[in-house]
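All remarks here apply to the structure that follows.
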2 protein chains.
Amino acid sequence: MQMKTGVEQSVYAILILNMLPDKAVLPGEAISQQLGASPTYFQKLLRKLVSADLITSVPGVKGGFKLKKKPEDIRVYDIYLAVEGQQSLYSSSGVFLGMFDVEESSCLLTNLMEEAELSWKSVLKSETVASLFEELNENYQPKVQLLHEWIKEKMVL
Amino acid sequence: MQMKTGVEQSVYAILILNMLPDKAVLPGEAISQQLGASPTYFQKLLRKLVSADLITSVPGVKGGFKLKKKPEDIRVYDIYLAVEGQQSLYSSSGVFLGMFDVEESSCLLTNLMEEAELSWKSVLKSETVASLFEELNENYQPKVQLLHEWIKEKMVL
DNA sequence: CTAACGTGGATAATTATTATCCATGTTAGT
DNA sequence: ACTAACATGGATAATAATTATCCACGTTAG
């Protein structure tokens, strides 16, 4: 039971997009390169972020991706949800239904597990891209500068 | 990202063992049969519960499994931990280290994810086998009676 | 019209999870 | 002793989830 690495990659991708100047756009391949991720699979991740309305895509020669929302309006939770999907961490396997032949779709554990998941999610809702970025700036300024320069090279428009 | 079904099965297995009279023992195959689980794989799960000191095993002809702790001392969390292992829900993939070539083992997300996981776990710690069993009795009395009779048939010693 | 980009579907590779098999050790009953 | 019923533990296979690749297609700047 591990979170997909795609969630982490997506968070950093969005953190990068957050550094883009207004109107600029960054090609998917550049981002995947910066993250050291597989380009083709990463493109799929970006699609999920587009579908979730977190980023927008621009096709064509000078195309790429950029944020659709303000960083303070993108929670880590939103990225998690976009990549992992809405299915819950726990889904009853039917053991309970089998043993007690009940009609319900819930089992003895459902309530507890839902509560646990809500609790987990609520923490992910407490941090936004803006707050993450702030933390990044505070602790890794020099590296962030390098990133900025790299972005100037790679961005288009 | 889904919890292993083994966790659910283990919870119900322990709930069954909780209904055993003192000194009695229930063979692994009987339990797996009641749960509709694969007998061989289920035996592995039971081993994990033994290793975690939640249940004890008795080898030999009249052998089987029984609880090692009192139901109020077994938290759902303990079962989760026994089956899922101690590895965390999130483990940094190294994207951060690659981008910022930092030496640390933690990344920007580590703190948040740890907090989220603790929060999730704390809910699992709030419910015990005793409290689950109480809920079971309150809502499914007739079925629990049937289970009790089945146990009388299958138990040994 | 072409080159650089995103889209979306099919499919393969990899990894995690679930399941099976088998040889071995233990114990009750004969 | 011997046997039958159980647990143990290692090796390995089957299945499912995740990650990765490929390719045909649509869009747009030059």
Side-chain angles (χ1 to χ4, degrees), chain A residues 1-10 13 17 23-33 35-52 55-66 68 80 83-85 87-91 93-95 154-157, chain B residues 1-10 13 17 23-33 35-52 55-66 68 80 83-85 87-91 93-95 154-157:
Chain A
M1 191 196 194
Q2 285 242 221
M3 202 172 73
K4 298 183 191 170
T5 68
V7 176
E8 183 186 6
Q9 296 176 324
S10 298
L17 291 181
K23 309 287 177 186
V25 117
L26 203 53
E29 193 167 351
I31 311 178
S32 71
Q33 215 170 312
L35 298 181
S38 114
T40 55
Y41 180 56
F42 192 69
Q43 202 80 217
K44 309 284 188 190
L45 288 178
L46 288 172
R47 289 265 65 238
K48 291 186 179 185
L49 301 178
V50 171
S51 297
I55 67 180
T56 46
S57 62
V58 178
V61 174
K62 292 198 168 179
F65 299 88
K66 63 180 172 186
K68 184 167 188 181
Y80 162 83
V83 175
E84 289 274 352
Q87 71 179 343
S88 56
L89 299 192
Y90 172 75
S91 80
S93 71
V95 176
K154 298 293 187 174
M155 71 183 190
V156 286
L157 257 184
Chain B
M1 190 196 194
Q2 283 241 221
M3 202 172 74
K4 299 183 190 169
T5 69
V7 176
E8 182 186 6
Q9 295 176 325
S10 298
L17 291 181
K23 309 287 177 183
V25 119
L26 204 52
E29 192 167 351
I31 311 178
S32 71
Q33 215 169 311
L35 298 182
S38 115
T40 55
Y41 180 56
F42 192 70
Q43 202 79 219
K44 308 285 188 190
L45 288 178
L46 288 172
R47 290 265 66 237
K48 290 187 179 184
L49 302 178
V50 171
S51 296
I55 67 180
T56 46
S57 63
V58 178
V61 174
K62 292 196 167 179
F65 299 88
K66 63 181 173 186
K68 184 167 188 181
Y80 162 83
V83 175
E84 289 273 351
Q87 71 178 344
S88 55
L89 300 192
Y90 171 76
S91 79
S93 70
V95 176
K154 298 292 187 174
M155 72 182 188
V156 286
L157 256 182

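So that the names make sense, note that chain A is the first sequence line, chain B the second, and so on, each numbered from 1.
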- [ ] May I ask you to evaluate whether B/Arg47 reaches the phosphate of D/dG9, defined as a side-chain N or O under 4.0 Å from OP1 or OP2?
- [x] yes

Task: B/Ser57 side chain near D/dT8 phosphate (N/O to OP1/OP2, under 4.0 Å) - done: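 For B/Ser57, the contact criterion (side-chain N or O under 4.0 Å from OP1 or OP2 of D/dT8) is met.
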
Task: pair A/Gln9-B/Val95: side-chain heavy atoms closer than 4.5 Å - done: yes

Open item on the list: Using side-chain heavy atoms (C-beta onward) and a distance below 4.5 Å, is A/Val156 in contact with A/Val61?
Closed with: no

- [ ] With DNA chain C as reference, determine whether A/Pro27 or B/Thr40 sits nearer its 5' end, using the nearest nucleotide of each.
- [x]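 In this pair, the answer is A/Pro27.
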
d([atom1], [X]; [atom2], [N]) in whole Å:
| X | N | atom1 | atom2 | value |
| --- | --- | --- | --- | --- |
| B/Lys4 | D/dA16 | NZ | C1' | 14 Å |
| B/Leu46 | D/dT8 | CG | C1' | 12 Å |
| A/Tyr41 | D/dC22 | OH | C1' | 16 Å |
| B/Phe42 | D/dA7 | CZ | C1' | 14 Å |
| B/Lys66 | D/dC6 | NZ | C1' | 15 Å |
| B/Leu157 | D/dA5 | CG | P | 16 Å |
| B/Met155 | D/dA5 | CE | C1' | 18 Å |

Short N/O separations, protein against nucleotides 27-30 of chain D, under 3.5 angstrom:
residue	atom	partner	partner atom	Å
D/dT27	O2	A/Gly60	N	3.2
D/dT28	O2	A/Val61	N	3.3
D/dG30	OP1	A/Lys62	NZ	3.0

To check you understand the geometry: which heavy-atom pair defines the closest contact between [X] and [Y], and what is its length?
| X | Y | answer |
| --- | --- | --- |
| A/Val83 | A/Gly6 | CG1-C, 3.9 Å |
| B/Ser10 | B/Leu49 | CB-CD1, 3.9 Å |
| A/Met155 | A/Ala24 | SD-CB, 3.9 Å |
| B/Val7 | B/Glu84 | CG2-CG, 3.7 Å |

- [ ] Going by the side chain to side chain contact (heavy atoms under 4.5 Å, CB included) test, name the single residue among A/Met3, A/Glu8, A/Lys4 that passes it with A/Tyr80.
- [x] A/Met3

Task: Partner of A/Phe65 under side chain to side chain contact (heavy atoms under 4.5 Å, CB included), chosen from A/Leu26, A/Thr56, A/Leu46 - done: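 It is A/Leu46, the one option of A/Leu26, A/Thr56, A/Leu46 that forms the side chain to side chain contact (heavy atoms under 4.5 Å, CB included) with A/Phe65.
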
Task: Toward the 5' end of DNA chain D, by each residue's nearest nucleotide, A/Pro39 or B/Lys44 - done: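 The residue closer to the strand's 5' end, by nearest nucleotide, is B/Lys44.
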
TODO: Using a cut-off of 6.0 Å, state whether more than 12 heavy atoms not belonging to A/Gln43 lie near its atom CD.
DONE: yes

Open item on the list: Please classify the nucleic acid contact of A/Gln2 as base, sugar-phosphate, or nothing, using heavy-atom distances under 4.0 Å.
Closed with: nothing

Open item on the list: Under 4.0 Å, heavy atoms only, any strand: does A/Phe65 hit a base, just the sugar-phosphate, or nothing?
Closed with: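 Sugar-phosphate contact only.
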
Open item on the list: Can you give me the first and the last nucleotide of DNA chain C (5' to 3') that has an atom within less than 4.0 angstrom of a non-hydrogen atom in chain A?
Closed with: C/dA3 to C/dT17

